[in-house]
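Single-structure report; data block below.
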Amino acid sequence: MEHVVTRFAPSPTGFMHIGSVRTALFAFLWARKNKGTFILRIEDTDKEREVAGSVAHIQESLSWLNLTWDYGPQMSTPFGSCIQSERLPTYHAAARELIAKGYAYPDPYSAEEIDGFRRAAQANKEVFLFRKHRPKTFSEWDGKRPLRFLVPEIKRYEWHDEVRGDLSAGEEALDDFILIKGDGYPTYNFAHIIDDMHMGVTHVMRGDEFISSTPKFLSLYDALGIKRPKLVTLPPILREDKTKKLGKRDGAKDLLEYRKEGFLPAAMINFLAFIGWHPGSDRELFTLPELIEAFDISTIQTHGGSANEEKLLWFQHQHVKHLSDSEYKAAVMQSVFSGKEPENEERWNTILPLVRERAALSSTFTAEIDAGEYAYFFTAPEIDITLLPNKNSTLEVCRTHLKKILEILSSSDFSSVDSIKSAAWDYASQEGRGDVLWPLRYSLSGKKQSPDPFTIAHVLGKEETLARITGALNQIHA
RNA sequence: GGCCCUAUCGUCUAGGGGUUAGGACAGCGCCUUUUCAAGGCGUUAACCCGGGUUCGAGUCCCGGUAGGGUCACCA
């Protein structure tokens with residue numbers, strides 16, 4: 001069986017967003033599924049667009065999602081550096097080879113001259129093709145002029161894409177494109193092909209913006225006698241308004257923002273996997289190992305779609321639910337309490353499992369804590385007496401019920417939620433659950449919304465519970 | 001504009017000649033050990049248009065239309 005090698009090859013021009021990380025995920029999944037190799041390669045050949053800190057940001061984003069790479073920056077590999085700017089001699093050697101074969105030549109024109117050609121073509125409503133201006137004779141390449149590829153054969157190219165099927169493009173897609181720029185750095189078109197060859201990449205997975213330049217790549221493969229890797233085109237991710245491909249400048253969100261908001265890596269991964277792929281069944285919940293198992297190139301989507309944050313939130317809820325209490329606590333401690341143990345830790349340990357359904361996102365949870373949403377677990381709440389009665393009930397009825405409940409709970413066992421519940425249940429059922437339980441819950445929490453009264457009573461303990469009921473009763477009298 | 005890609009509920013999608021066009025999110029309704037959340041049940045909602053091929057077309061072909069991409073010393 002073929003040893004599968006995939007790579008994720010971002011340029012360090014800013015943060016990672018959903019679109020770029022989805023590409024990384026698919027390449028990762030395919031490598032892992034086939035017990036292959038996953039390479040992180042940094043394509044930093046455009047020094048002007050480079051943004052400081054991008055490489056670290058990319059690595060941190062992938063690490064957060066547990067997308068581990070076998071080879072990457074600062075690692076020793078059989079093929080040298082994974083950073084393109086550190087591989088310049090490799091590209092120059094390949095360039096010399098092409099020159100020797102007669103497939104490359106230095107560009108003799110100035111930028112202004114080329115601009116002139118382009119404008120003239122536009123004026124004639126023609127597609128600008130550099131090869132129409134190819135010089136008759138070539139000078140020696142001094143390494144300072146841009147080096148161009150000499151397209152060996154102008155023809156219609158047809159190729160197979162693992163996702164899109166048979167594709168083709170005509171002669172207009174073929175041109176004498178730049179291999180090495182004036183600054184000595186290679187272009188993407190050249191560098192990625194040389195690297196993929198040296199790194200043994202078997203599957204090139206990338207977005208569909210590269211379909212139109214594929215004939216250029218194919219003619220270069222031919223000129224260099226390279227066996228074509230399998231081409232796997234991933235569907236584009238559009239913005240939510242679907243008017244444009246998702247991009248950094250077009251409202252895409254920094255992936256690490258999601259971490260800040262408290263999304264679980266597992267939820268993010270699961271969400272990402274379903275943008276442009278499906279498992280061939282109705283199942284939607286997958287962990288990363290399960291995705292590796294289920295993933296397949298044959299079920300990658302052909303058409304583009306947009307990412308839907310509501311669905312992401314749903315995945316988050318699902319994955320939070322499957323966390324053990326200690327895993328949930330760890331996640332909350334990390335993002336809510338910045339890894340530090342909070343005050344009243346013991347009590348938080350009790351509270352966390354109770355509120356996790358309504359606090360799936362730790363940023364929401366943090367905001368709720370800041371707003372005092374859970375303060376009643378620690379200190380007696382303010383009671384607004386007009387909110388004490390259940391709807392269509394009266395303060396007088398409340399008083400009766402609370403007095404009775406106080407009496408019942410005074411002699412009850414508080415060792416479990418169930419023991420408290422069973423003590424009060426008969427009375428509540430008999431008298432009308434809403435009329436009894438609403439005032440009880442409200443006098444304990446002071447909130448219109450909270451967990452049920454038995455759960456709260458259990459957390460508070462017998463003494464505090466009885467004190468709060470008494471407090472509510474005193475307010476009624478006053 | 002040339003070339004290329006794509007087209008099923010609002011969204012993500014299943015389906016590959018004969019289906020009551022299935023699932024999920026969102027919406028709506030109901031249920032539950034008060035409320036909120038979660039959960040359960042139910043429900044609204046789609047084959048871009050026009051021609052072919054065929055006994056029969058979301059499904060195959062052609063043409064429109066729409067959306068996206070690409071035409072750089074960016075990747």
Side-chain angles (χ1 to χ4, degrees), chain A residues 9-13 43-46 48-49 84 107 111 114 118 121-122 125-130 145-148 161 164-165 167-173 175 177-189 191-192 206-215 233 235-236 238 240 242-245 271 274-285 299 301-315 317 320-321 354-360 387 390-391 393 421 425 428-429 432-442 445 447-454:
Chain A
S11 58
T13 53
E43 310 218 320
D44 58 340
T45 55
D46 184 349
E48 298 207 347
R49 286 206 315 154
Q84 288 189 326
D107 184 337
I114 294 174
R118 186 172 285 119
Q122 254 165 15
K125 305 205 169 185
E126 283 171 4
V127 174
F128 169 68
L129 287 169
F130 186 92
R145 296 218 56 80
L147 189 72
R148 283 189 184 266
D161 186 284
R164 303 293 177 98
L167 302 177
S168 70
E171 302 178 355
E172 68 292 326
D175 199 12
F177 59 91
I178 304 267
L179 300 169
I180 308 274
K181 297 180 276 187
D183 62 3
Y185 283 92
T187 58
Y188 167 82
N189 295 149
H192 91 272
R206 60 186 163 201
D208 69 350
E209 67 268 30
F210 291 102
I211 291 181
S212 10
S213 29
T214 299
T233 294
L238 276 9
E240 282 206 61
K242 299 193 112 188
T243 57
K244 210 171 193 308
K245 214 179 140 229
F271 170 67
F274 274 79
I275 306 177
W277 173 80
H278 72 88
S281 71
D282 284 344
R283 184 178 167 193
E284 298 210 83
L285 254 32
T299 45
Q301 223 57 237
T302 51
H303 62 266
S306 61
N308 176 212
E309 292 221 354
E310 280 174 335
K311 188 92 184 215
L312 170 61
L313 208 51
W314 179 77
F315 276 117
H317 273 105
V320 163
K321 209 158 47 179
L354 310 178
V355 298
R356 61 191 281 173
E357 294 295 355
R358 71 200 69 211
L387 293 175
N390 191 27
K391 45 183 181 277
S393 182
K421 187 194 283 182
W425 195 250
S429 302
R433 290 202 285 263
D435 286 354
V436 178
L437 267 17
W438 173 278
L440 174 60
R441 193 185 60 74
Y442 183 75
S445 69
K447 292 281 174 197
K448 288 187 195 171
Q449 298 144 15
S450 78
D452 69 86
F454 313 111

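Small disclaimer: the values here were computed from a predicted structure and weren't measured. Order of the sequence lines fixes the chain letters, A, B, ..., with proteins taken first and strands second; residue numbering starts at 1 for each chain.
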Query raised in the report: Going by the angle between their ring planes, with limits at 30° and 60°, are A:Phe274 and A:Trp277 parallel, tilted or perpendicular?
Result: perpendicular

Requested in this report: Determine the contact category for A:Thr214: base if any of its heavy atoms lies under 4.0 Å from a base atom, sugar-phosphate if only primed atoms, P, OP1 or OP2 are that close, otherwise nothing.
Outcome: nothing

Report task. Select base, sugar-phosphate, or nothing to describe what A:Gly276 touches, counting heavy atoms under 4.0 Å on all strands. Result -> sugar-phosphate

Report task. Remember a base hit wins even if backbone is also touched, and classify A:Ser11 as base, sugar-phosphate or nothing at under 4.0 Å, heavy atoms. Result -> sugar-phosphate

Query raised in the report: When all nucleic acid strands are considered with a 4.0 Å heavy-atom cut-off, which category describes A:Gly182: base, sugar-phosphate, or nothing?
Result: base

Query raised in the report: Quick one: the side chain of A:Lys421 and the base of B:rU33, do they pair up donor-acceptor inside 3.5 Å?
Result: yes

Report task. Identify whether any heavy atom of A:Arg441 sits under 4.0 Å from a base atom; if not, whether one sits that close to sugar-phosphate; answer base, sugar-phosphate or nothing. Result -> base

Could you pull out the protein-nucleic contacts involving nucleotides 68-71 of chain B (nitrogen or oxygen on both sides, under 3.5 Å)?
{"from": "B:rG68", "atom 1": "OP1", "to": "A:Thr243", "atom 2": "O", "distance (Å)": "2.2"}
{"from": "B:rG69", "atom 1": "OP1", "to": "A:Lys245", "atom 2": "N", "distance (Å)": "3.3"}
{"from": "B:rU70", "atom 1": "O4'", "to": "A:Ser212", "atom 2": "OG", "distance (Å)": "3.1"}

Report task. Report which part of the nucleic acid A:Leu167 touches: base, sugar-phosphate, or nothing (heavy-atom distance under 4.0 Å, all strands). Result -> sugar-phosphate

Report task. Name the closest nucleotide to the A:His317 side chain, picking from B:rA38, B:rU13, B:rA24. Result -> B:rA38

Query - Complement of B:rG2, any strand, by Watson-Crick or G-U distances under 3.5 angstrom - result: B:rU70

Query raised in the report: Contact class for A:Ser281 (heavy atom, under 4.0 Å): base, sugar-phosphate, or nothing?
Result: nothing

Report task. Would you classify A:Pro453 as touching base, sugar-phosphate or nothing, given that sugar-phosphate means primed atoms plus P, OP1 and OP2, and contacts are heavy atoms under 4.0 Å? Result -> base

Requested in this report: Indicate, with a heavy-atom threshold strictly under 4.0 Å, whether A:Pro451 touches base, sugar-phosphate, or nothing.
Outcome: base

Report task. Check for a donor-acceptor pair, side chain of A:Arg441 on one end and backbone N or O of A:Pro451 on the other, with a separation under 3.5 Å. Result -> no

**Report entry** Given B:rA75, B:rC5, B:rU34, the nucleotide with the shortest approach to the side chain of A:Arg164
**Finding:** B:rC5

Requested in this report: Could you check whether the rings of A:Tyr188 and A:His192 sit parallel, tilted or perpendicular, using 30° and 60° as the cut-offs?
Outcome: parallel

Query raised in the report: Across the strands shown, which category fits A:Gln122 at heavy-atom distances under 4.0 angstrom: base, sugar-phosphate, nothing?
Result: nothing

